[in-house]
Amino acid sequence: MSPDELLRRLAQTLKQEIAPAVGEAYPKTQAYMASVVLDKLSQQLALAEAHAAAGRADVAALARDLGELLGGSPLPAALGRTLAGLSGAPDKHGLNALVAALYAAQAELDTEVFRQSLARIRQTLRLGLDRELVYAA
Amino acid sequence: MSATPGTQTPSLESRIAAYLRGKLPQAEGLRLGGVERIAVGWSHETWLFDAEWQEAGHAHRQGMCLRRDPGNALLRHLSDLGEQFRVLKALESTPLAAPKVWWYESDPAILDAPFLVMEKVPGSCPSPWGREGRAFYQAAAERGALPRSFTQTLATLHTLDWRAAGLEFLGVPAAGPDFARREIAKWRELIALSGHPPEPVLTDLIGWLEANAPSSSRVTLVHGAYRTGNLLIHEDRISAVLDWELQVLGDPMYDVAYVLSDLNREGTELLSNLVDRDAFYREYEAATGFTIDDEICRYYNALYAMRSVAFWMSASGLYAEGRSNDIRLARTRWSVPVVLDRAARELGY
């Protein structure tokens, strides 16, 4: 039994056998809620590898597109460094740093370049969010 | 005293009675009746009871409400019973329906944690989320009196003289974008305290909010969570505005946006499950003289998404830090992407 299957089984036991047998309202709610948490963890764990791979591919494509978008003119130093470091942190940390750096550089960037860059980053953020919603929603 | 929600021990009850005897020395034979712990929420613990005593040969009974800070409230240091006491005290001189408050104690030696004691106002507070609550508000909407009271009470809140009431201590924002920026800073602080890993969608949202903070020149008292569920209802009218934890001085559209938000209704077009949208616009604008600014309300709706994320991050952080064992808090970790999805849609993606 894989770890995610074990968690799902634990969630089922809590939901179907343990929680219904608890009399007092508060611990009963806690038992049901523990079942929900374990079930979500199970789904997240089952998808973790595929989602991480998809996330890395999305960030690689983003880095390539932003390189083209922003390559025509000298970049504010902090934004340039964050963009260059994106391949080393192709995850939420890297994306977070990129979004923060883009906003911090907004005043120095051409309005249209900022708008297009943010729109392209948002495409990637949307894809990541949709993956999370598979188990979070 | 047990820390487990849903239980209360005789020892706490007897300690409350002993405290009240000290506060009411003329009360003979003071005892508590009908002690009930309510609202197993994520904020302050709340007990309702009737204090009964004899005084000068006459029997007295006074409904009371005690709120205690468990030290692990979702809002952390941003929710302060001492401030709540000052706000409620200040509101006593205003026309707003709110509970009278009697005592605040910061000394944990009395009941293990800071607490306040206030009046138990007649009324009930049906949750708008369950089937029963929805049916209650639907029936009240059809009768018409409660929706008018809802709107009128908000108008009273927004037009009361907060300077005369002595509410400046809440902090007066400067004209311009100061109010919005203060709110952003507050929720940013709660997010930082939560220890939650970075969320790039949230960073995008905050960047957008900071870049687009609206100017506001009007400063009123703002409740911060004005909706059914936070309002006590008696005989088809609002008998008290409750939950004074998020109040600020600032743009009244912040409250209006909350009323208009989809967040606060379920399975109905009625605002807060109660009020017809057109009637709300008409009656609120007539009662306050303010014009509802839809664009600014849309901005505040996005700010509420940031606030919701801050709440859920704080909640799941409390569980992760071991400050609470309530598994419902752990569950909120997965509420973060759900709210971020709403935020992303507000931003157009």
Side-chain angles (χ1 to χ4, degrees), chain A residues 14 19 24-41 43-44 55 58-59 62 82 86 89 91-107 111 114-115 117-137, chain B residues 2-8 37-42 45 184 188 191-192 196-213 305 309 312-313 315-316 319-320 324-349:
Chain A
L14 267 166
E24 204 179 325
Y26 180 73
K28 192 183 196 76
T29 305
Q30 293 290 297
Y32 275 118
M33 200 49 71
S35 153
V36 172
V37 167
L38 289 177
D39 189 54
K40 291 206 173 291
L41 277 173
Q43 292 180 59
Q44 188 170 349
D58 288 349
V59 171
L62 172 67
T82 310
L86 198 54
D91 52 18
K92 277 190 178 180
H93 288 270
L95 285 169
N96 193 64
L98 179 65
V99 173
L102 184 69
Y103 273 103
Q106 183 173 5
T111 306
F114 173 82
R115 193 193 63 75
S117 301
L118 185 58
R120 179 60 188 85
I121 292 170
R122 284 174 170 177
Q123 284 178 18
T124 301
L125 297 182
R126 181 77 251 172
L127 292 169
L129 205 44
D130 285 343
R131 282 192 289 272
E132 283 189 78
L133 290 171
V134 171
Y135 50 78
Chain B
S2 165
T4 305
T7 65
Q8 53 84 25
R37 171 140 184 206
I38 60 157
V40 183
W42 298 341
E45 303 163 341
I184 294 167
R188 196 194 264 277
I191 288 163
H196 195 93
E199 291 286 353
V201 176
L202 177 62
T203 303
D204 183 15
L205 174 63
I206 295 172
W208 183 88
L209 287 168
E210 285 179 334
N212 293 280
V309 172
W312 298 138
M313 286 183 170
S316 58
Y319 188 82
S324 169
N325 291 326
D326 187 341
I327 299 173
R328 293 174 307 161
L329 298 183
R331 161 71 180 83
T332 63
R333 182 182 182 84
W334 289 278
S335 300
V336 171
V338 173
V339 181
L340 288 175
D341 174 49
R342 201 168 61 79
R345 290 178 195 281
E346 292 279 344
L347 297 181
Y349 70 102

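Labels below follow one simple rule: chain letters A, B, ... track the order of the sequence lines, proteins then strands, and each chain is numbered from 1. Worth knowing before you read on, the calculation uses all heavy atoms, side chains too, and leaves out hydrogens, waters and symmetry mates.
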Any side-chain heavy-atom pair of Lys92(A) and Pro198(B) under 4.5 Å
no
What residue in Gly207(B), Pro197(B), Ser335(B) has the most heavy-atom pairs under 4.5 Å with chain A?
Gly207(B)
Can Asp326(B) and Gln30(A) be counted as having a side-chain donor-acceptor contact under 3.5 angstrom?
yes
Side chain to side chain contact (heavy atoms under 4.5 Å, CB included) partners for Gln106(A), two or more places apart:
Tyr103(A), Phe114(A), Ala211(B)
Residue part contacting chain A, namely of Glu199(B), when any heavy atom lies under 4.5 Å:
both
Using 0.5 Å steps for rounding, measure from the CG atom of Leu129(A) to the CZ atom of Arg342(B).
12.5 Å
Return the minimal non-hydrogen interatomic distance between Leu125(A) and Val201(B), and the atom names on each side.
CB-CG2, 4.0 Å
State whether the number of non-hydrogen atoms from other residues, nucleotides or ligands found under 6.0 Å of Asn325(B) atom CG is greater than 12.
no
Answer with side chain, backbone, both or neither: which region of Leu41(A) has an atom nearer than 4.5 Å to a non-hydrogen atom of chain B?
both
Heavy-atom distance under 4.5 Å to chain A: side chain of Leu347(B), backbone, both or neither?
both
So which part of Gln44(A) gets closer than 4.5 Å to some heavy atom of chain B, the side chain, the backbone, both or neither?
side chain
Chain B contact via Ala25(A) - side chain, backbone, both or neither, heavy atoms under 4.5 Å
neither
Using a 4.5 angstrom heavy-atom cutoff, name the option from Asp341(B), Leu202(B), Val338(B) with the most pairs to chain A.
Asp341(B)
Which region of Val36(A), side chain (C-beta onward) or backbone (N, CA, C, O), has a non-hydrogen atom less than 4.5 Å from a non-hydrogen atom of chain B, or is it both or neither?
side chain
Which answer fits Leu95(A), side chain, backbone, both or neither, if we ask what part of it has an atom under 4.5 Å from a heavy atom of chain B?
both
At a heavy-atom distance under 4.5 Å, which candidate from Ile206(B), Asp204(B), Thr203(B) has the highest pair count against chain A?
Asp204(B)
Side chain, backbone, both or neither of Leu118(A) within contact of chain B (heavy atoms, under 4.5 Å):
side chain
So, using side-chain hydrogen bond (donor to acceptor under 3.5 Å, both in side chains) as the criterion, who are the partners of Arg120(A) when residues are at least two apart?
Asp65(A), Thr124(A)
Of the listed Met33(A), Gln123(A), Arg122(A), the one with the largest count of heavy-atom pairs under 4.5 Å with chain B is Arg122(A)
